[in-house]
Amino acid sequence: MSDHPNLHVVDLPLSRHKLSVLRDERTRHREFRQAMHELALILVAEATRRMPTSTVKVHTPLAETEVEEISGPICLVPVLRAGLGMLEGALALLPEATVGFMGLFRDERTAEPVEYYVNLPRNLKDYFVVVLDPMLATGGSLSATLAKLKEEGAVWISCVHAVAAVPGIERVTREHPDVSFYTAAVDPGLDERAFIVPGLGDAGDRLYGTL
Ligand code: PRP
């Protein structure tokens with residue numbers, strides 16, 4: 001994956017542990033949601049690396065010093081449904097963020113994304129946009145999401161995933177070389193239904209108990 005300078009694999013003992021809970025088929029939806037929430041905290045913190053900051057002066061109890069604070073608005077965009085599993089974690093770190101929504105599901109026959117709901121803030125060009133979707137499989141859903149965000153003016157975009165499969169990575173890094181991608185794991189491939197293998201199953205179904 002060294003060919004993709006914009007792909008960042010977040011590989012810490014803590015992220016590996018959260019992923020172990022998510023991958024285990026015995027994990028029920030309550031624990032699955034909790035582990036996804038906690039993994040989002042780690043991944044979103046990494047995805048803030050490229051956020052613009054500005055230097056300001058503050059007085060500590062002892063002296064004046066320069067500190068950095070995040071400057072400019074942030075927009076979180078969960079891709080429904082599974083992206084909702086990362087939203088509360090992202091908002092815990094970025095409580096002032098605006099939230100936009102991309103509603104997409106994959107047609108089970110073709111694995112092509114079908115758009116059913118879009119609600120994004122105006123003037124997306126002013127925002128640092130963070131897309132949340134636990135799964136990057138074929139890359140169809142993310143590619144459609146990124147195209148939509150750019151159509152709405154977004155220029156500065158980072159994407160956060162629990163698991164990304166090689167075919168999806170190849171596609172989105174080729175089609176969107178200006179976007180950064182953060183994932184806890186890179187999985188080798190997809191099965192005949194375009195599910196990530198080994199992956200963690202259908203993240204939406206496992207988060208919300210609709211198996
Ligand atoms: C899953 C997942 C991604 C997409 C990834 O969503 O959350 O959005 O599939 O697949 P792709 O890279 O091949 O497009 P799904 O369509 O299962 O919808 P859901 O989140 O509502 O369950």
Side-chain angles (χ1 to χ4, degrees), residues 1 4 6-7 9 18-19 21-23 25 27-30 32-33 35-37 39-40 43-44 47 75-90 99-120 129-150 154 157-177 179-211:
M1 284 295 114
H4 302 299
N6 293 337
L7 175 71
V9 182
K18 302 302 172 196
L19 205 53
V21 177
L22 294 171
R23 287 198 195 272
E25 66 175 0
T27 303
R28 290 180 50 77
H29 54 275
R30 182 176 167 187
F32 190 92
R33 265 201 309 277
M36 187 66 82
H37 170 79
L39 183 60
L43 296 175
V44 171
C75 181
L76 304 171
V77 180
V79 179
L80 307 183
R81 285 175 300 170
L84 290 177
M86 293 180 141
L87 180 60
E88 286 306 315
V99 182
F101 295 89
M102 274 298 298
L104 292 172
F105 66 87
R106 290 196 319 182
D107 181 311
E108 281 182 11
R109 223 171 15 87
T110 62
E112 287 298 318
V114 180
E115 187 180 296
Y116 61 88
Y117 182 72
V118 180
N119 191 330
L120 298 167
V129 179
V130 181
V131 177
L132 306 169
D133 192 340
M135 310 300 284
L136 173 59
T138 65
S141 304
L142 187 62
S143 211
T145 298
L146 293 171
K148 186 74 183 179
L149 292 170
K150 289 178 180 177
I157 310 172
S158 283
C159 302
V160 172
H161 312 288
V163 180
V166 171
I169 292 169
E170 300 287 352
R171 175 169 176 180
V172 296
T173 52
R174 186 178 64 246
E175 294 180 6
H176 300 280
V179 172
S180 291
F181 304 90
Y182 295 83
T183 185
V186 173
D187 278 12
L190 307 172
D191 69 7
E192 62 292 345
R193 294 182 303 157
F195 272 55
I196 301 175
V197 182
L200 44 78
D202 184 315
D205 283 341
R206 295 198 65 196
L207 280 165
Y208 300 112
T210 50
L211 288 165

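For ligands, and for the atoms within them, numbers begin at 1 and follow the listed sequence. Atoms considered below: every heavy atom in the structure, side chains included; atoms not considered: hydrogens, waters and symmetry mates.
- From the protein, the heavy atom lying nearest to atom 15 (P) of ligand 1 is Arg106 N, 4.2 Å.
- Residue Ala82 places at least one N or O, backbone or side chain, under 3.5 Å from an N or O of ligand 1.
- For ligand 1, the polar-atom distance check against Tyr116 finds no nitrogen or oxygen pair separated by under 3.5 Å.
- Ligand 1 has an N or O atom lying under 3.5 Å from an N or O atom of Ala137, backbone or side chain.
- By the 4.0 Å heavy-atom criterion, Gly168 is excluded from the residues contacting ligand 1.
- Side chains of Thr210 and Arg81: a donor-acceptor N/O pair is present below 3.5 angstrom, by distance only.
- In terms of protein heavy atoms, atom 13 (O) of ligand 1 is closest to Thr138 OG1, 2.5 Å.
- Among Ile157, Leu149, Leu146, the single residue meeting the side-chain contact (heavy atoms from CB on, under 4.5 Å) criterion with His176 is Leu146.
- Per-residue contacts place Phe105 under 4.0 angstrom from the following atoms of ligand 1 (heavy atoms of the residue considered): 16 (O).
- Across Arg171, Glu112, Arg206, Arg81, heavy-atom proximity to atom 22 (O) of ligand 1 is greatest for Arg81.
- When hydrogens are left out, the protein atom nearest atom 5 (C) of ligand 1 is Met135 O, 3.5 Å; that is the closest non-hydrogen contact.
- In this pair, Phe101 and Tyr117 present their aromatic rings tilted. The plane angle is within the 30 to 60° band.
- When only non-hydrogen protein atoms are considered, atom 7 (O) of ligand 1 lies nearest to Asp133 OD1, 3.0 Å.
- Under the 4.0 angstrom criterion for non-hydrogen atoms, Leu80 is in contact with ligand 1.
- Polar contact check, Asp205 against ligand 1: no nitrogen or oxygen pair lies under 3.5 Å apart.
- Using a 4.0 Å cut-off between charged nitrogen and carboxylate oxygen, Arg193 and Asp202 do not count as a salt-bridge pair.
- Protein non-hydrogen atoms do reach within 4.0 Å of atom 2 (C) of ligand 1.
- In terms of polar-atom proximity, Ala111 is not counted as a contact of ligand 1, lacking any N or O under 3.5 Å from an N or O of the ligand.
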